[in-house]
Amino acid sequence: MKEYTTKDIRNVVLLGSTKSGKTTFSEAMLYEGKVIDRRGSVEEKNTVSDNTEYEQTNQKSINATPLYAEFKNTKINIIDAPGSDDFCGGAISAFKVCETGILVVNAQQGVEVGTEIFARYAKQYGVPTIVAVNQLDHEKANWEHTLETLKETFGKKIVQVQFPVNPGASFNAFVDVLTQKYYEFKDANGNCEEKDIPAQYADEAESLRSELMEKAAEGDDELMMKFFDTMELDTDDIRKGLAAGLAKGECMPVFCLSAKNDVGVKSIMDFIVNVTPAPACDASAPTSLFIFKTDVEPHLGEVSYFKVMGGTLGEGADLVNPETGNGERLSAIYSVAGSKKDKVAKINSGDIGCVMKLKNGKANTTLGVQGVKAIEHIVYPDFKYRCAVKALDKNEDVKVGEALGKICAQDPTLNAAFSNELRQTILSGMGEQHINFAKWRLKNEFKLETEFFAPKIPYRETITKTAIAGYRHKKQSGGAGQFGEVRLLITPYVEGEPQPKQFKIDGKDTIFAIKSTDVQDLPWGGKLEFNNCVVGGAIDLSFMPAILKGINQKMTEGPLTGSYARDIRVYVFDGKMHPVDSKEIAFIIAGRQAFSLAFKDAGPKILEPIYDVDITTPSDYVGPCMSDLNTRRGMIINQEMDGNFTVLHARVPLAELYRYSTVLSSLSAGSATFTMKFAEYQPVPADVQKKLLDEYAAQEQEED
């Protein structure tokens with residue numbers, strides 16, 4: 001293929017609901033761009049994107065597929081993104097490397113859940129969008145309804161560039177008010193006749209052109225002055241104004257499309273070339289690239305997809321990761337259209353390509369010549385779904401962990417990690433579909449049978465009052481014995497409160513003479529404060545680390561449920577030694593047991609993780625969402641409006657959020673979404689604590 005300079009490159013991402021026709025649209029663009037000479041179809045399972053077994057079986061996009069088309073001396077890089085929020089990572093990765101989004105809307109349905117979800121993502125990540133109303137050839141296509149829903153959702157941003165003259169099964173023509181032409185299509189291969197606008201459509205075309213000129217004038221001050229002076233803008237003026245409005249996120253031009261019959265495809269590509277921005281990359285800068293996606297492809301191995309962010313990239317380049325200092329050699333580089341890879345000698349700034357088998361070519365990686373700075377990482381949404389995973393055959397646990405590691409390396413919106421605390425492998429993702437796809441891959445790609453189930457909850461244990469306990473460890477076994485005795489007091493640690501020194505011991509007010517204090521920030525959160533208050537040499541100073549070690553052992557396996565303990569002050573104030581038998585192990589055991597006894601008398605409480613949950617839902621579903629939150633021990637903090645949606649801000653225990661994404665989708669007919677983020681630990685209600693204690697006791701009895 002020919003070499004393209006930065007000004008002749010456009011990068012676009014196709015967005016929208018599942019079944020809106022993004023893959024069919026991308027196929028038509030590749031056909032018009034001469035990358036393929038025959039269009040495939042989703043039904044026949046032979047499209048350039050959606051080329052994996054899972055996608056073809058389910059007829060839906062799972063992966064974001066990089067493609068390209070050559071059109072009017074311009075290279076249009078296209079990323080066909082999935083339409084399900086469970087697989088939003090593909091679109092979010094694309095936002096990092098694409099300057100424009102194309103929101104594909106199904107003319108049968110109008111604005112759908114996915115339309116709004118991905119429009120919000122595009123706004124959040126600062127990517128302007130144009131709208132392609134697709135499937136106007138369907139017998140149930142409804143242009144007026146679709147346009148109405150677009151205006152209701154996006155307001156004054158919506159501006160028509162085209163309108164269809166006969167939407168429905170016979171759709172084959174539309175009026176373009178920008179070019180002031182009527183396009184009538186003769187076949188399903190994009191061949192059309194360009195005509196003057198027929199008289200019966202002239203008034204509507206004139207009215208819409210006036211609206212188009214006004215919207216264009218709003219985008220540029222000079223054009224605004226010209227429009228006020230002449231009340232007219234030519235086609236180039238309108239394009240300039242729309243480009244400015246797009247860049248500011250103030251307009252969303254709307255186009256007509258039947259991707260299946262190649263109607264309107266060239267018009268949108270023409271608009272991409274003439275109006276949407278070229279990459280804002282510096283061709284004269286030092287060479288650097290950003291890897292936004294990795295994949296493992298049959299017969300190729302690991303493939304890293306990148307955008308050249310500066311300079312020119314040539315084959316055989318030696319580059320460095322500025323974050324690690326590790327070097328990489330790019331032996332060969334490729335222009336990419338799905339599974340079709342074309343080897344090229346060089347790729348210029350702003351262009352997208354791929355390279356095979358890098359040593360460390362994972363997503364969110366910058367590579368460049370010496371001295372380049374790392375490019376800011378893609379920020380993905382927080383995980384919304386977590387489950388535990390285990391192999392059905394225990395001998396394959398290691399293999400399952402390794403396979404999950406490879407899957408997660410390809411998809412940054414998945415995370416798998418073994419929790420030492422829970423003794424489970426926890427898989428986190430964006431929803432149940434997302435998790436099920438990982439399970440499918442384990443079975444079909446890695447030949448591993450697994451079980452996915454509700455994970456344990458990372459509870460914490462703490463105390464609510466002061467308690468004293470002592471423990472003597474004495475062991476004699478013929479030779480040298482073991483002896484250590486520890487008396488200690490524990491009390492709650494509260495951040496910011498002064499350290500108390502006076503306590504009632506054996507009915508007397510006692511002031512501790514604190515010799516030393518060790519405050520530990522615990523890895524799982526909270527604090528442990530250890531105070532040595534021993535006087536008169538009852539316990540030698542050399543045994544204090546052993547006592548602390550024993551306490552730490554019990555902090556990692558709390559006395560109530562085996563969960564981590566936190567926020568406790570310990571005062572070791574007395575004990576005994578033996579001149580021969582006192583050893584480190586004796587004081588480890590004595591410290592651990594004394595702490596455990598005191599803990600159980602100190603008003604112990606189980607704490608549970610509480611999450612901030614923000615639910616975005618159409619107002620019709622606010623009631624069901626609130627009722628459901630109440631059943632989950634959720635507390636609604638407040639609510640606010642975001643466009644046509646209500647946002648509920650709530651606090652919900654993690655224990656009540658398993659499969660919540662699935663339930664919320666069912667409650668709202670798929671229209672509500674949510675985010676969840678850890679907030680704090682809070683005490684569980686008394687009935688929940690009793691249940692947890694009973695379950696732990698039964699579990700210990702079973703293990704015994």
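Every value quoted in this text rests on a predicted model; they were computed, and no experiment measured them.
Salt-bridge annotation for K96 and E376: absent, with no side-chain N of the basic residue lying under 4.0 Å from a carboxylate O of the acidic one. In this structure, D687 does not pair ionically with K691, as no charged nitrogen and carboxylate oxygen lie closer than 4.0 Å. A salt bridge is absent between R569 and E497: the closest approach of a Lys/Arg side-chain nitrogen to an acidic carboxylate oxygen does not fall below 4.0 angstrom. One finds no salt bridge joining K439 and E432 here, because no Lys/Arg side-chain nitrogen approaches an Asp/Glu carboxylate oxygen to under 4.0 Å. The pair R441-D411 does not meet the salt-bridge criterion, since no charged nitrogen lies less than 4.0 angstrom from a carboxylate oxygen.
Side-chain atoms of S84 and T18 include no donor-acceptor pair closer than 3.5 Å. Using modelled atom types and a 3.5 Å distance limit, the side chains of D382 and T675 yield no donor-acceptor pair. A donor-acceptor pair shorter than 3.5 Å cannot be found between the side chains of E302 and T294.
The two residues P322 and T366 come nearest to each other via the heavy atoms CD-O, 3.2 Å. The heavy-atom pair separating I615 from C625 by the smallest distance is CG2-SG, 4.4 Å. A650 and D614 make their closest contact through N-OD1, 4.5 Å (heavy atoms, listed as atom of the first residue, atom of the second, distance). Looking at every heavy atom in both residues, G431 comes nearest to S661 through CA-OG, 3.8 Å. Nearest heavy atoms, I588 versus Q553: CG2-OE1, 3.7 Å. Counting all heavy atoms, side chain and backbone alike, G525 lies closest to R566 at O-CB, 3.6 Å.
A distance-only check finds no donor-acceptor pair linking the side chain of S596 to the backbone of P559 [under 3.5 Å]. Judged by distance alone, the side chain of D86 and the main-chain N or O of Q433 form a donor-acceptor pair under 3.5 Å. Between the side chain of Y471 and the backbone N or O of I589, no donor-acceptor pair lies under 3.5 Å. Counting only distance, with no hydrogens or angles, the side chain of K22 and the backbone of S17 share a donor-acceptor pair below 3.5 Å. With W524 contributing its side chain and A565 its backbone, the two residues share a donor-acceptor pair below 3.5 Å. Without hydrogens or angle criteria, N321 side chain to E323 main chain gives a donor-acceptor distance under 3.5 Å. Panel note: side chain T365, backbone G361; no donor-acceptor pair is recorded below 3.5 Å. A distance-only check finds no donor-acceptor pair linking the side chain of S93 to the backbone of G90 [under 3.5 Å]. The backbone N or O of N444 sits less than 3.5 Å from a side-chain atom of K447, completing a donor-acceptor pair. A donor-acceptor distance shorter than 3.5 angstrom exists from the side chain of Q689 to the backbone of I606, with no hydrogens or angles considered.
Side-chain atoms of T556 and Y564, non-hydrogen and from C-beta on, do get closer than 4.5 Å to each other. The shortest distance between side-chain heavy atoms of F95 and L15 falls below 4.5 Å. Looking at F452 and N436, their side chains never come closer than 4.5 Å, going by heavy atoms from C-beta outward. Using a 4.5 Å cut-off on side-chain heavy atoms (C-beta onward), T673 and R120 make contact. Within the 4.5 Å cutoff, the side chain of M676 has no heavy atoms near those of the Y385 side chain. Two residues are said to be in side-chain contact when any heavy atoms from C-beta on lie closer than 4.5 Å; P412 and N364 fail this criterion. Between D397 and T425, the closest side-chain pair of non-hydrogen atoms is not below 4.5 Å. Using a 4.5 Å cut-off on side-chain heavy atoms (C-beta onward), M626 and Q639 make contact.
Interatomic distance, CD1 of I547 versus CG of N552, reported as 12.5 Å (0.5 Å rounding). Note that OH of Y125 is 4.0 Å distant from CD1 of I92, once rounded to the nearest 0.5 Å. Between L427 atom CG and I435 atom CD1 the span is 4.0 Å, to the nearest 0.5 Å. One finds the CD1 atom of I636 at 11.5 Å from the NE2 atom of H649 (value rounded to the nearest 0.5 Å). The OG1 atom of T616 sits 8.5 Å away from the CG atom of L648 when rounded to the nearest 0.5 Å. Note that CD1 of I551 is 9.5 Å distant from CD1 of I568, once rounded to the nearest 0.5 Å.
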**Message:** For a side chain to side chain contact (heavy atoms under 4.5 Å, CB included) check, start with the C-alpha distance between N531 and F512, then their side-chain angles and the critical distance, and finish with the verdict.
**Reply:** CA-CA 10 Å; N531 297 284; F512 285 143; over 6 Å; no

**Prompt:** Where do N638 and E640 land on the side chain to side chain donor-acceptor pair (under 3.5 Å) test, with the steps shown first?
**Reply:** CA-CA 7 Å; N638 60 43; E640 60 184 336; over 6 Å; no

**Prompt:** What's the verdict on side chain to side chain donor-acceptor pair (under 3.5 Å) for N415 and S428, showing C-alpha distance, side-chain angles and the deciding distance?
**Reply:** CA-CA 5 Å; N415 181 70; S428 303; 5.0 Å; no

**Request:** Might you work through the side chain to side chain contact (heavy atoms under 4.5 Å, CB included) test for L654 and R386, ending with a clear yes or no?
**Result:** CA-CA 10 Å; L654 178 63; R386 58 193 294 275; 3.8 Å; yes

**Test side chain to side chain contact (heavy atoms under 4.5 Å, CB included) applied to E608 and R633, step by step** = CA-CA 12 Å; E608 64 180 338; R633 298 191 283 124; 2.7 Å; yes

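Under the ring-ring contact (aromatic ring centres under 6.0 Å, His included) criterion, F599 pairs with F595, sequence neighbours left out. For Y681, the ring-ring contact (aromatic ring centres under 6.0 Å, His included) partners at least two apart in sequence or on another chain are F678. Among residues two or more places apart in sequence or in another chain, the salt bridge (charged side-chain N to carboxylate O under 4.0 Å, His left out) test is passed with K549 by none. By the ring-ring contact (aromatic ring centres under 6.0 Å, His included) test, Y621 pairs with no residue at all, sequence neighbours left out. In terms of the salt bridge (charged side-chain N to carboxylate O under 4.0 Å, His left out) criterion, E695 has no residue partners (sequence neighbours excluded). Considering only residues two or more places apart in sequence or on other chains, Y121 meets the ring-ring contact (aromatic ring centres under 6.0 Å, His included) condition with F118.
Ring orientation note: the planes of F292 and Y305 are tilted relative to one another, at an angle of 30° to 60°.
Not less than 6.0 angstrom separates the ring centroid of F503 from the ring centroid of F573.
A cation-pi arrangement, defined by a distance under 6.0 Å to the six-membered ring centre and an angle within 45 degrees of its axis, is absent between K527 and Y493. Cation-pi geometry between K384 and F674 is satisfied (NZ or CZ under 6.0 Å from the ring centre, within 45° of the ring normal). With F453 as the aromatic partner, K390 meets the cation-pi criteria of under 6.0 angstrom to the ring centre and within 45 degrees of the ring axis.
Remark: K456 NZ is packed, more than 12 non-hydrogen atoms of other residues, nucleotides or ligands lying under 6.0 Å away. Counted within 6.0 Å of NZ on K554, heavy atoms from surrounding residues, nucleotides or ligands total more than 12; the atom is thus considered enclosed.
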